[in-house]
Amino acid sequence: MDYEKLAELLFPETDKLPSHYETMYPERNLPEGAMVTRLGPSPTGFIHLGNLYGAFIDERMAVLSKGIVYLRIEDTDDKRYVKGAEKMLLDSLSYFDIKFDEGITSEGEEGAYGPYHQSRRKEIYSCYVKELVKKGFAYPCFLTEEEISIIREEQTRLKLVTGIYGEFAKSEKLTFKEVEERIALNLPYVVRLKAQGSPFSPEILRVKDGIRGELAMPENFLHIVLLKQNGMPTYHLAHVVDDHLMRTTHVVRGAEWLSSLPVHLELFSKFGFEPPQYCHTPQLMKLSDNNTKRKLSKRLDPELSLLYYRQEGFHKDCVREYLMTLLNSDYEQWRKENPNKPLSDFPFSIEKMKSADALIDLNKLCDISKDVLLGKDVNEIYEFFKDWAFEFNRDIKGWFKDESFMKAILNIGREGEKPRKDLIYAKQIADHISYFFEDGLREQEDVPENIKDDDILVLLSEYLKTYDHSDDRSEWFNKIREISEKNGYAGKPKDFKNEPEKYKGHVGDVSTLIRLSLTGRRESPDLWEIQQILGEEKTKGRIRNYMTGREQNA
RNA sequence: GGCCCUAUGGUCAAGUGGUUAAGACACCGCCCUUUCACGGCGGUAACCCGGGUUCGAGUCCCGGUAGGGUCACCA
């Protein structure tokens, strides 16, 4: 077989040589130790936590080593292409504050190593595959889908590894003339790698993974597809060519790629390229119903989608903070010691990553979120909450008419020695503060058990009568004490606890009744503060309304 | 099924041959407290199993087991 002639037959249009691209995309001029990383999502319309997790590693590695992190769109599968997916991808990444030095941005392409859409790199892939054909490392394969499935069935029956290799690689044996005839007939074909490994006694490859350490895997023997019928590259080819040409030094990807590592290593070696340092990250899992770990699935698990976190309104810093605790386990300790330092000061390193799969824990995310939000200025929280509402909860747009009112609400109890940590994520915040707005009042909760039905109106009307909006916190509370004691409720909860038979209840029960009339709930932050924010008129109005409601019920 | 990866409390996890096996979240109890939240104190709870190596094994080796991944003209 004359491989040169075969290459010309298959790629008559391709006149450039690899050396052309090698000079076009030279080695990057970066300081010693600088890492070049990349994120290569597919525009399928679904971005998940794993993407962000990986993006974060890429970004940290590049930034800390003074290298480059770029974004490349891996759109080689037209069947899965979703319109608008790319914009969504960019939005999500920028929402979570991942910044790229190079590649695709919302303004277009940036950088000297493009194009950064794989779909626009067909010529480059053809050139490199042509080179492989010339060297006898790749060949056209005319096997149809039906033929391949027959082969697979036979292999399954014989308990052999499925795939195209060895004697099953029928097209490999075609003579030049036979290939020529088929091409003349316009028969569709793919280009396959002529793998060198043996299926029976493969050599063992030893690779060092940046996260997992030494890995031992058998060499590849599968004749995998390099170019599809439509001339588009498969992931394998595109990955090797692009990461070489874009001078990527570290490939961070999920562990699901581990098993195709031998293929990639073989390609790097066939091309004569230096392979990058691979870093296979653990997978994100969740606990399934029968208490076993399982991979997150996009159909079953809404929390896998990045959109979920935006819809729920988790602040970007909370998600990043949480992800950090999964990435480097000494992060929480560091954060404790450096509560105010920016995350970028943390000495992140891939060596500190664990290789076992991680279960995502929303509980923990919430806990972290409380602290992160507490550390934020009320103005920032206001903006964050407003942005969320305008994008994901239009119903409450009206809540933002009075900015200082909203800010006062969001700032309740956040100052002082023991600040409250009520705010977790936007959706939760909306519910948490809803009682401040007439359209957000929920159904009334039950009156405390210790409050006698006959006392309700008595207690409230006395409260109204003595209410003075200018009272300070202690004056205000003393009045409640007096009302309680006057009506048979202990002024101090301790008294009631010690001698329950002497009282109907205690001041806490009375306070809860007032809280109920004001907010509809039995739990809330400090009532005095709520009243100050609500204003005198609304405060009194709500109590009167509540009383009228009780009267009508009675 | 073949190949590969992984294995410490419910979860995230320290730990690299000698520890009373850290810490965080969750949970429970107590304290503080007008409710809640916050905070403080305390508690329940773990080295998958079996063989080696060793004076000594969560830690090293081998074998199981379990979970996961992958075996596409998807990435």
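Just so it is clear: chains get the letters A, B, ... in the order the sequence lines come, proteins before strands, and each one is counted from 1.
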ask   = How would you label the contact of Lys492(A) with the nucleic acid (heavy atoms, under 4.0 Å): base, sugar-phosphate, or nothing?
value = nothing

query = So, Tyr70(A) versus Thr248(A): side-chain donor-acceptor pair below 3.5 Å or not?
reply = yes

query = Rounding to a whole Å, what distance do you find between Lys421(A):NZ and A37(B):P?
reply = 13 Å

Under 3.5 Å on both distances, the Watson-Crick or G-U partner of A75(B) = none

P spacing across the pair A24(B) / U44(B), given as an integer number of angstrom = 15 Å

A14(B) pairs with, by Watson-Crick or G-U criteria that keep both distances under 3.5 Å = none

request  = For Pro493(A), report the nucleic acid contact type (base, sugar-phosphate, nothing); a contact means any heavy atom under 4.0 Å.
outcome  = sugar-phosphate

ask   = Are any of the side-chain nitrogens in Arg473(A) or Asp526(A) under 4.0 Å away from the carboxylate oxygens of its partner?
value = yes

message = With a 4.0 Å limit, can you tell me whether Thr76(A) has a side-chain N or O closer than that to the phosphate oxygens OP1/OP2 of A75(B)?
response = yes

inquiry  = Any strand counts, and the cut-off is 3.5 Å on both contacts for Watson-Crick or G-U wobble. Which nucleotide pairs with U35(B)?
reply    = none

ask   = Can we say Glu332(A) and Lys364(A) salt-bridge, meaning some charged N sits less than 4.0 Å from an Asp/Glu carboxylate O?
value = yes

key: C1' spacing across the pair G68(B) / C62(B), given as an integer number of angstrom   = 23 Å

ask   = If we take the C1' atom in both C27(B) and U11(B), what is their distance in whole Å?
value = 12 Å

message = Taking the C1' atom in each of U20(B) and C49(B), what is the distance between them to the nearest angstrom?
response = 26 Å

key: hbond_proxy Arg522(A) side chain to C36(B) base (donor-acceptor, 3.5 Å cutoff)   = no

query = OP1 or OP2 of C36(B) sitting under 4.0 Å from any side-chain N/O of Ser524(A)?
reply = no

task = Using the closest heavy atom to pick a nucleotide of RNA chain B for each, name whichever of Thr325(A) or Glu417(A) lands nearer the 5' end.
result = Thr325(A)

ask   = For C32(B), does either OP1 or OP2 sit under 4.0 Å from a side-chain N or O belonging to Lys494(A)?
value = yes

request  = Ignoring backbone atoms, test whether Arg212(A) places a side-chain nitrogen or oxygen under 4.0 Å from the OP1 or OP2 oxygen of C4(B).
outcome  = no

request  = Looking at every strand, decide which applies to Asp330(A) at a 4.0 Å heavy-atom threshold: base, sugar-phosphate, or nothing.
outcome  = nothing

inquiry  = Between U6(B) and G10(B), how far apart are the two P atoms, rounded to whole Å?
reply    = 23 Å

query = Taking atom P of A24(B) as reference, at what distance in whole Å does atom CD of Glu332(A) sit?
reply = 9 Å

For atom CG of Asp361(A) and atom P of A24(B), their distance in whole Å = 15 Å

query = For Leu374(A), which contact category applies under a 4.0 Å heavy-atom criterion: base, sugar-phosphate, or nothing?
reply = nothing

Watson-Crick or G-U wobble mate for U20(B), both contacts under 3.5 Å = none

request  = Take the protein atom CD1 of Ile424(A) and the nucleotide atom C1' of C38(B), then report the distance between them rounded to whole Å.
outcome  = 13 Å

key: Residue Thr162(A), side-chain atoms from C-beta onward, closest of C12(B), C71(B), U34(B)   = C71(B)

Nearest-neighbour nucleotide for the Met217(A) side chain, C36(B), C4(B), U34(B) considered = C4(B)

Options U34(B), A75(B), C5(B), nucleotide nearest the side-chain atoms of Leu215(A) = C5(B)

Whole-Å P distance, G29(B) and C36(B) = 13 Å

request  = Would you kindly compare Lys364(A) and Val225(A) by the position of their nearest RNA chain B nucleotide and give the one closer to the 5′ end?
outcome  = Lys364(A)

remark   = Per atom distances to the Ser259(A) side chain, the nearest of A75(B), U70(B), C4(B) is U70(B)

query = Counting any heavy atom closer than 4.0 Å, what does Arg157(A) reach on the DNA or RNA strands: base, sugar-phosphate only, or nothing?
reply = nothing

Shortest side-chain distance from Tyr235(A), nucleotide among C4(B), A75(B), A26(B) = A75(B)

request  = Report the nucleotide, chosen from C73(B), C12(B), A75(B), that has the shortest atom-to-atom distance to any side-chain atom of Ser42(A).
outcome  = A75(B)

request  = Would you mind pulling out the nucleotide paired to U44(B), Watson-Crick or G-U wobble, both distances under 3.5 Å?
outcome  = none

inquiry  = For G63(B), give the paired nucleotide (Watson-Crick: N1-N3 plus N6-O4 or O6-N4; G-U: N1-O2 and O6-N3; both under 3.5 Å), or none.
reply    = C49(B)

ask   = Counting just side-chain N and O atoms, does Lys418(A) come under 4.0 Å of either OP1 or OP2 of A37(B)?
value = no

inquiry  = From CZ of Arg152(A) over to C1' of G1(B), roughly how many Å is that when rounded to an integer?
reply    = 15 Å

message = Does A72(B) have OP1 or OP2 under 4.0 Å away from a side-chain N or O of Lys228(A)?
response = no

query = Given Leu265(A), which of Val207(A), Asn220(A), Val240(A) fulfils the side chain to side chain contact (heavy atoms under 4.5 Å, CB included) condition?
reply = Val207(A)

query = Atom OH of Tyr503(A) and atom P of U34(B): how far apart are they, to the nearest Å?
reply = 15 Å

inquiry  = Is it the case that the side chains of Arg521(A) and Ser434(A) hold a donor-acceptor pair, with the cut-off being a distance below 3.5 Å and no angle test?
reply    = yes

key: Gln229(A) CD - C74(B) P separation (whole Å)   = 10 Å

request  = Mind checking Trp528(A) for me? I need base, sugar-phosphate or nothing, with any heavy atom below 4.0 Å counting as a touch.
outcome  = nothing

Closest listed nucleotide, where the reference is the side chain of Val190(A) and the choices are U34(B), C25(B), C73(B) = C73(B)

key: P gap between G67(B) and G9(B), integer Å   = 16 Å

query = Which whole-number value in Å describes the distance from Lys497(A) NZ to U34(B) P?
reply = 13 Å

message = Going by purine N1 to pyrimidine N3 plus the second Watson-Crick contact, or the G-U wobble pair, all under 3.5 Å, which nucleotide sits opposite C3(B)?
response = G69(B)

request  = Among the candidates U35(B), C25(B), C73(B), find the nucleotide nearest to the side-chain atoms of Lys79(A).
outcome  = C73(B)

inquiry  = Can you tell me which residue among Leu410(A), Ile409(A), Ile424(A) is in a side chain to side chain contact (heavy atoms under 4.5 Å, CB included) with Ile429(A)?
reply    = Leu410(A)

request  = Indicate yes or no: does Glu462(A) engage Lys486(A) in a salt bridge with an N to O separation below 4.0 Å.
outcome  = yes

task = Report yes or no: does Glu147(A) contribute a side-chain atom to a donor-acceptor pair with the main-chain N or O of Thr144(A) at less than 3.5 Å?
result = yes

task = Check the angle between the aromatic planes of His280(A) and Tyr278(A) and answer parallel, tilted or perpendicular using the 30° and 60° thresholds.
result = parallel

key: Rounded C1' spacing from A75(B) to U70(B) in Å   = 13 Å

Sugar-phosphate only, base, or nothing, as touched by Ala238(A) at under 4.0 Å among non-hydrogen atoms = nothing

note = Winner on side-chain proximity to Leu258(A), out of C4(B), A75(B), U34(B), is C4(B)

task = Could you tell me whether Lys336(A) and Asp371(A) make a salt bridge, using a distance below 4.0 angstrom between a side-chain N and a carboxylate O?
result = no

